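Being a predicted model, the structure only gives us computed values, none of them experimental. Throughout, numbering of the chain's residues begins at 1 and tracks the sequence. Hydrogens, waters and symmetry mates play no part in the numbers below; they use all other heavy atoms, side chains included.
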Amino acid sequence: MNLDYNGKKPQTGKNKHFWQSLRHALGGLWTAFKTEANLRRDAWFALVAIAFGIYCQLHYLDWLAIIFAIFIVFMAEFWNTVMEHLVDLLVDHQYHPLAKQIKDISAASVLISTILALLIGAIVFGHAIFN
C-alpha cells in the first residue's frame with residue numbers, strides 16, 4: 001500500500017466537498033511558489049506593479065487591466081509548470097524531441113503573456129505618468 005508523507009493512504013478519488021478541494025488547491029499554490037523560482041519572480045514584479053499603481057492613483061479601469069495582466073501571467077506560469085511536470089512524468093526525465101517541443105511551446109505561452117502584461121503596463125502607466 002502506498003502512503004503519503006503523513007502516513008495515510010493518498011486520496012485517489014474525487015473531492016467530496018468544497019473545503020477538501022480548497023485545501024488541495026491551496027496546497028498546489030504553496031507547492032508552486034515554493035518550487036518555482038519564475039513564479040516567485042513574477043510575484044515580485046506583480047507587487048512592484050501594484051505598488052506603482054497605488055503611487056499613481058490608478059483609475060479603477062486601469063486597475064482592472066493591471067490585475068488582468070498579472071493573473072494572465074500567473075495562469076501561464078502555472079500551466080507551464082503543469083506541462084513541464086507532466087512531460088517529465090511521461091518521458092521519465094529522458095530526452096524526447098516531442099517532449100522538448102511541448103515544453104518549448106508551453107514556455108512560449110508564458111513569454112506571450114508576459115509581453116501582453118508589459119504592453120498593458122506600458123499603456124496604463126504611460127498614461128498615468130504623462131497625464
Side-chain angles (χ1 to χ4, degrees):
M1 174 191 308
N2 289 333
L3 300 178
D4 71 5
Y5 61 91
N6 291 323
K8 296 185 286 186
K9 185 177 177 194
Q11 178 183 340
T12 56
K14 291 187 74 66
N15 295 325
K16 293 184 177 30
H17 50 78
F18 169 77
W19 297 111
Q20 190 177 22
S21 298
L22 181 61
R23 187 175 68 246
H24 290 302
L26 291 173
L29 188 66
W30 174 250
T31 298
F33 274 98
K34 209 169 49 173
T35 61
E36 296 298 319
N38 286 339
L39 196 56
R40 291 190 302 273
R41 183 207 60 227
D42 292 338
W44 281 112
F45 281 123
L47 289 174
V48 167
I50 291 167
F52 195 53
I54 292 168
Y55 174 78
C56 291
Q57 298 179 344
L58 294 180
H59 185 266
Y60 80 96
L61 290 176
D62 293 330
W63 276 115
L64 286 175
I66 295 297
I67 291 167
F68 174 78
I70 289 169
F71 275 79
I72 289 294
V73 171
F74 280 148
M75 288 173 57
E77 281 286 4
F78 275 96
W79 278 110
N80 183 51
T81 300
V82 167
M83 293 304 293
E84 287 177 348
H85 287 294
L86 184 59
V87 167
D88 288 344
L89 179 66
L90 292 174
V91 299
D92 197 26
H93 296 280
Q94 301 296 314
Y95 178 81
H96 190 283
L98 189 55
K100 180 186 180 329
Q101 283 183 350
I102 293 167
K103 286 182 165 190
D104 289 351
I105 293 167
S106 183
S109 71
V110 177
L111 177 63
I112 290 169
S113 70
T114 302
I115 292 169
L116 172 66
L118 289 172
L119 289 171
I120 290 171
I123 292 167
V124 167
F125 290 120
H127 181 263
I129 290 169
F130 295 113
N131 284 330

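Across I54 and W63, no two heavy atoms sit closer than the pair N-CZ2, 3.5 Å. Considering every non-hydrogen atom in both K34 and R40, the closest pair reads O-NH1, 3.0 Å. G121 approaches I66 most closely through the heavy-atom pair CA-CD1, 4.2 Å.
Atom NE2 of H59 has more than 12 neighbouring heavy atoms from other residues, nucleotides or ligands inside a 6.0 Å radius. Under a cut-off of 6.0 angstrom, the local environment of CZ in F33 is crowded, with over 12 non-hydrogen atoms contributed by other residues, nucleotides or ligands. Applying the 6.0 Å contact sphere to CZ of F45 captures no more than 12 heavy atoms from other residues, nucleotides or ligands.
Other residues sharing the hydrophobic cluster of L61, ordered by chain and number and joined by side-chain separations under 4.5 Å: Y60, L64.
Listed for the E36 side chain is no donor-acceptor partner under 3.5 Å among the backbone atoms of N38.
Pairs passing the salt bridge (charged side-chain N to carboxylate O under 4.0 Å, His left out) check and including a residue from residues 79-89, sequence neighbours excluded, read D88-K103. For residues 107-129, no residue pair satisfies the salt bridge (charged side-chain N to carboxylate O under 4.0 Å, His left out) rule, not counting sequence neighbours.
Linking ILVMFWY residues whenever their side-chain heavy atoms come closer than 4.5 Å, directly or via other members, leaves F74 and V82 in distinct clusters. In this structure, L116 is not a member of the same hydrophobic cluster as V110, with clusters built from ILVMFWY side-chain heavy atoms closer than 4.5 Å. Using a 4.5 Å cut-off between side-chain heavy atoms of Ile, Leu, Val, Met, Phe, Trp and Tyr, with links allowed through other members, I105 and I102 fall into different hydrophobic clusters. Under a hydrophobic-cluster definition in which Ile, Leu, Val, Met, Phe, Trp and Tyr are linked whenever side-chain heavy atoms come within less than 4.5 Å, directly or via other members, L29 and V73 are assigned to different clusters. Under a hydrophobic clustering in which Ile, Leu, Val, Met, Phe, Trp and Tyr are joined whenever their side-chain heavy atoms come within less than 4.5 Å, directly or via other members, W19 and L26 fall into the same cluster.
Side-chain contact between F125 and D62 is absent, with no heavy-atom pair separated by less than 4.5 Å. Looking only at side-chain heavy atoms (C-beta outward), I67 and F71 come within less than 4.5 Å of each other.
Checking each of S113, S106, S109 against N80 for a side chain to side chain donor-acceptor pair (under 3.5 Å) leaves exactly one that passes, namely S106.
Applying the side-chain contact (heavy atoms from CB on, under 4.5 Å) test to I129 and every residue at least two apart in sequence or in another chain returns F52. Listed by chain and residue number, nothing satisfies the salt bridge (charged side-chain N to carboxylate O under 4.0 Å, His left out) test with R23 (two or more places apart in sequence, or in another chain).
Rounding to the nearest 0.5 Å places CD of E77 at 12.5 Å from CD1 of I72. If you take CE on M83 and OG1 on T81, they are separated by 11.5 Å, rounding to the nearest 0.5 Å. Here CG of L39 is found 4.5 Å from CZ of F78. Values are rounded to the nearest 0.5 Å. Atoms NE2 and OG1, on H85 and T31 in that order, are 9.0 Å from each other to the nearest 0.5 Å.
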Please set out all donor-acceptor pairs under 3.5 angstrom arising from side-chain atoms of residues 89-101, sequence neighbours excluded.
from, atom 1, to, atom 2, distance (Å)
H96, ND1, L98, N, 3.0
K100, NZ, D104, OD2, 2.4

